[in-house]
Amino acid sequence: MAKDFPTRAESYAQWYNDLVIKADLAENSAVRGSMVIKPYGYAIWEKMQAALDKMFKDTGHVNAYFPLFIPKSFFSKEASHVEGFAKECAVVTHYRLKNSPDGKGVVVDEDAKLEEELIVRPTSETIIWDTYKRWVQSYRDLPLLINQWANVVRWEMRTRLFLRTSEFLWQEGHTAHATKKEAVAETETILDVYSDFAEKWMALPVLKGTKSPNERFAGAVETYCIEALMQDGKALQAGTSHFLGQNFAKAFDVKFLSKENKLEYVWATSWGVSTRLIGALIMSHSDDNGLVLPPMLAPIQVVIIPIYRKGEQLEEISEVALKVKKGLEAKGISVKFDDRDTYKPGWKFSEYEFKGVPVRLAIGPRDLENGTIEVARRDTLEKEILQIADIENKIENLLIQIQDNLYKKALAFREDNTYSVDTWDEFKDVIENKGGFVLAHWDGTSETEEKIKEETKATIRTIPLNAKNEDGKCVYSGKSSNRRVVFAKAY
RNA sequence: CGGGGUGUGGCGCAGUCCGGUUAGCGUGCUUGACUGGGGGUCAAGAGGUCGGGAGUUCGAAUCUCCCCACUCCGACCA
């Protein structure tokens, strides 16, 4: 058990925060709401990036980079878009500092005021569509399937490490198509990429669906999302894919001549996932002993710790350890042999356990005598002594088992915490006392959704794509409904 | 923006109400010895503009006034 570390039951919020800091993933910076992502946390992000980037490229996308700054006037071109983001924009008004007249530090040079203010991008639709206008004239120029890896800034009132920071890292895809059908198909393709990534790599089961109009992205015609359930019973939006219709094409005047020689507006999509995924990863698998990482995203998959008393012992152990390391690396497994003499074995055990390394191997004098190795898995905390022969294959299989086990555990948790309710009393009871996903009928109106939010803080997380048609009555208004939607309190 | 709270060695805190020797404690750090199969023990050390400014006083971390920063709860959000 880790020292000075709260359990999830004591305080989930504090558990999360302490975990991020003590596992050395990130810390708050000098700027309110902005975090420093530390090497270990960034290594997780790099693994996510690599996997996603390959998936995007395999589905025909290419990367590009657009500017950080966006002229203020661009924002007002799409009415609902500006409304959605105006309240959280960082604005650049000047381009120069000068020495303070009182000799203390520097001040903004009022003579260096910009003609037009620049917005630090909260998302890049506007600057990208302003660019696409020049790139698209003919149906032959379409589709444009472009992604960018970037940072964005949203001046949030309340921030939490990884889950909501003023600046965050993400990828944003922006595509342009000749037909509505093709754009909708693109939106759905990406939704599948996101859910595959969440389930296969993050071991995180997600619901796929659409958002209600209230929760829709500012400027979108339809927002698709993947929605996950965290261990405290709250929902987390893990990724979104938007069908933008012709809204941005019209706002930025992006037209093309079709095969039929007709001038038409382009159809658009945009989609993104962010460093918030790291928050989702932490909250779905970790326990009261610290971080638990799925092997496929763990920067270190296997750590080897030598146990020894004297220098010569370490040499003998190292010989065996390095052989195991090499064998594992030949299978593409990332291994760290921690032979630092400056820390004790017990200290190292705790350290790697807290940092969520999936498998720990220990080799000591006893093992040398017996031809064994101690294998400990992080997900179940089980330890066993195995013969060292063929250890590489055993570990390879173990990593697959751990990945699988984490997914199954998370899925079982979600199933145990998904409730189907038919009355308002039941609804309130579950939301307030149990948490989790609540499947309930809804009359389809924004008014009802808002009333429910006011009274319970629960919102519609998604209208699942696979929902069965089922006649029923809205849990709040009693009006008729033909399928259930997913309610929950959300991050 | 509304309402609380906190600023004291790297980190976490006590001391402040009721002013008074050399500002403590835990942890971390350095050195050494013993240790080593789950965060070891002992010893010796280093490390402080008590958030900033002004005032009251023989004397201020402590009292008064002003300022600053951070943080928590609410509205907003990937």
Side-chain angles (χ1 to χ4, degrees), chain A residues 1-5 11 13-14 17-18 21-22 27-34 83-89 104 122-123 150-160 162-172 194 211 214-218 220 223 225-228 235-242 270-280 289-290 305-311 313-314 317 339-355 360-370 372-376 381 383-385 453-454 457 459 461 490-491:
Chain A
M1 185 67 74
K3 284 193 285 187
D4 306 323
F5 184 60
S11 167
Q14 205 192 339
N17 201 46
D18 285 13
I21 289 164
K22 290 187 175 157
E27 63 186 31
N28 281 312
S29 73
V31 181
R32 197 198 73 87
S34 303
E83 198 183 318
F85 286 103
K87 283 183 285 185
E88 51 191 48
C89 284
K104 292 178 189 163
T123 179
N151 57 340
V152 287
V153 169
R154 296 183 189 175
W155 213 264
E156 302 288 355
M157 308 255 175
R158 295 178 61 64
T159 58
R160 295 187 69 190
F162 289 116
L163 295 175
R164 179 166 300 108
T165 46
S166 301
E167 177 188 1
F168 56 93
L169 304 183
W170 76 344
Q171 59 70 215
E172 47 180 326
Y194 286 162
K211 286 288 184 190
N214 276 8
E215 300 278 328
R216 203 174 275 158
F217 176 75
T223 287
C225 63
I226 54 171
E227 207 70 26
L236 185 84
Q237 180 175 306
T240 47
S241 181
H242 314 289
S270 72
W271 28 274
V273 294
S274 72
T275 35
R276 173 181 250 201
L277 288 179
I278 296 175
N289 297 303
I305 296 173
I307 292 154
Y308 62 96
R309 205 168 299 202
K310 299 188 192 101
Q313 260 177 351
L314 177 59
I317 291 165
D339 62 349
R340 286 178 298 174
D341 194 34
T342 46
Y343 292 92
K344 306 277 163 62
W347 191 92
K348 292 178 188 171
F349 286 0
S350 300
E351 175 78 358
Y352 291 108
E353 187 169 291
F354 201 87
K355 288 184 154 190
R360 184 189 73 229
L361 304 177
I363 308 174
R366 289 209 298 264
D367 298 301
L368 288 188
E369 272 176 43
N370 303 332
T372 55
I373 189 163
E374 184 190 86
V375 179
L381 296 172
K383 283 195 285 199
E384 57 181 334
I385 309 285
K453 185 179 179 184
E454 268 170 44
K457 290 188 181 168
T459 49
R461 299 324 305 153
Y491 272 98

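Numbered from 1 within each chain, the chains take letters A, B, ... in sequence-line order.
At a threshold of 4.0 angstrom between heavy atoms, the contacts of N28(A) with the nucleic acid are absent. Counting non-hydrogen atoms under 4.0 angstrom, F168(A) reaches a base of the nucleic acid. At the heavy-atom level, T372(A) lies nowhere under 4.0 Å from the strands shown. Here I305(A) lies out of heavy-atom contact (under 4.0 Å) with every strand. Among the heavy atoms of the strands lying under 4.0 Å from R360(A) is at least one base atom, whether or not backbone atoms are also near. Residue contacts shown for E156(A) include a base, since a base heavy atom lies under 4.0 Å away. Using a 4.0 Å heavy-atom distance criterion, R366(A) is classed as a base contact. At a threshold of 4.0 angstrom between heavy atoms, the contacts of S274(A) include nucleobase atoms, whether or not backbone atoms are also involved.
Between the P atom of G37(B) and the CD atom of E374(A) lies a distance of 11 Å, rounded to the nearest Å. Atom CZ of R160(A) and atom P of C76(B) are 17 Å apart (whole Å). Atom NZ in K355(A) sits about 19 Å away from atom P in G39(B), given to the nearest Å. Regarding K22(A), its NZ atom lies at a distance of 11 Å from the C1' atom of C11(B), rounded to whole Å. A straight line from CH2 of W347(A) to P of G37(B) spans 15 Å, rounded to a whole angstrom. As a whole-Å value, the separation of K457(A) NZ from C76(B) C1' is 13 Å. Residue Q14(A) contributes atom CD, which lies 15 Å from atom P of U71(B) at whole-angstrom precision. Between E353(A) atom CD and G37(B) atom C1' the separation is 15 Å, expressed in whole Å.
When the P atom is compared between C1(B) and C67(B), the two are found 14 Å apart, to the nearest whole Å. Of the C1' atoms belonging to C50(B) and G19(B), the separation is 15 Å, rounded to the nearest Å. With both ends at atom P, the span from C65(B) to G5(B) equals 15 Å, rounded to whole Å. Taking atom C1' in both G52(B) and U35(B), the straight-line distance is 48 Å, to the nearest Å. Using atom P as the reference point in both C11(B) and U56(B), the two lie 34 Å apart (nearest Å). Using P as the reference atom, C34(B) and U27(B) are 24 Å apart when rounded to the nearest Å. Taking atom P on both nucleotides, G15(B) is separated from A75(B) by 34 Å, rounded to a whole Å. When the C1' atom is used for both G10(B) and U21(B), the distance is 29 Å, rounded to whole Å.
Distances were taken from every side-chain heavy atom of E351(A) (C-beta onward) to each of A75(B), G39(B), G37(B); the shortest belongs to G39(B). The E88(A) side chain lies nearest to C76(B) when the options are G38(B), C76(B), G74(B).
Among residues two or more places apart in sequence or in another chain, the ring pair (Phe, Tyr, Trp, His ring centres under 6.0 Å) test is passed with Y491(A) by none. Remark: T372(A) engages D367(A), N370(A), I385(A), Q387(A) in a side chain to side chain contact (heavy atoms under 4.5 Å, CB included) (not counting sequence neighbours). With sequence neighbours excluded, the residues forming a side chain to side chain donor-acceptor pair (under 3.5 Å) with R340(A) are D338(A), listed by chain and number. Scanning for side chain to side chain contact (heavy atoms under 4.5 Å, CB included) contacts around Q171(A) gives F56(A), N147(A), W149(A), Y194(A), W271(A), V273(A), with sequence neighbours left out. With sequence neighbours excluded, the residues satisfying side chain to side chain contact (heavy atoms under 4.5 Å, CB included) with I307(A) are P345(A), F349(A), A362(A). In this structure K355(A) satisfies the side chain to side chain contact (heavy atoms under 4.5 Å, CB included) test together with D24(A), Y40(A), E351(A), sequence neighbours excluded. Under the rule for a ring pair (Phe, Tyr, Trp, His ring centres under 6.0 Å), the partners of W170(A) that lie at least two apart in sequence or sit in another chain are F168(A).
The neighbour count for W155(A) CH2, taken as heavy atoms of other residues, nucleotides or ligands under 6.0 Å away, does not exceed 12.
Once rounded to the nearest 0.5 Å, the distance linking CG of N151(A) with CD of E167(A) reads 4.5 Å. Between the CG atom in L236(A) and the CG atom in L163(A) there is a gap of 6.5 Å [rounded to 0.5 Å]. Rounding to the nearest 0.5 Å places CD1 of I226(A) at 12.5 Å from CZ of R461(A).
Each of A490(A) and G364(A) was matched to the nucleotide of RNA chain B holding its nearest heavy atom; the match closer to the 5' end belongs to G364(A). Residues L163(A) and N17(A) each lie close to RNA chain B; by heavy-atom proximity, the contact nearer the 5' end of the strand is made by N17(A).
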Between the protein and nucleotides 29-36 of chain B, are there any N/O to N/O pairs under 3.5 Å, and if so, what are the atom names and distances?
residue	atom	partner	partner atom	Å
G36(B)	OP2	R309(A)	NH1	3.2
G36(B)	O6	R309(A)	O	3.1

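Between the side chain of K383(A) and the base of G38(B), at least one donor-acceptor pair of N or O atoms lies under 3.5 Å.
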Dot-bracket for RNA chain B, please, read 5' to 3', with Watson-Crick or G-U wobble pairs under 3.5 Å on both distances, ( ) within the strand, [ ] crossing, | other strand, . unpaired. (((((((..((((......[...)))).((((((.....)))))).....(((((..]....))))))))))))....
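Residues S34(A) and R32(A) have side chains that never bring a donor and an acceptor to within less than 3.5 angstrom of each other.
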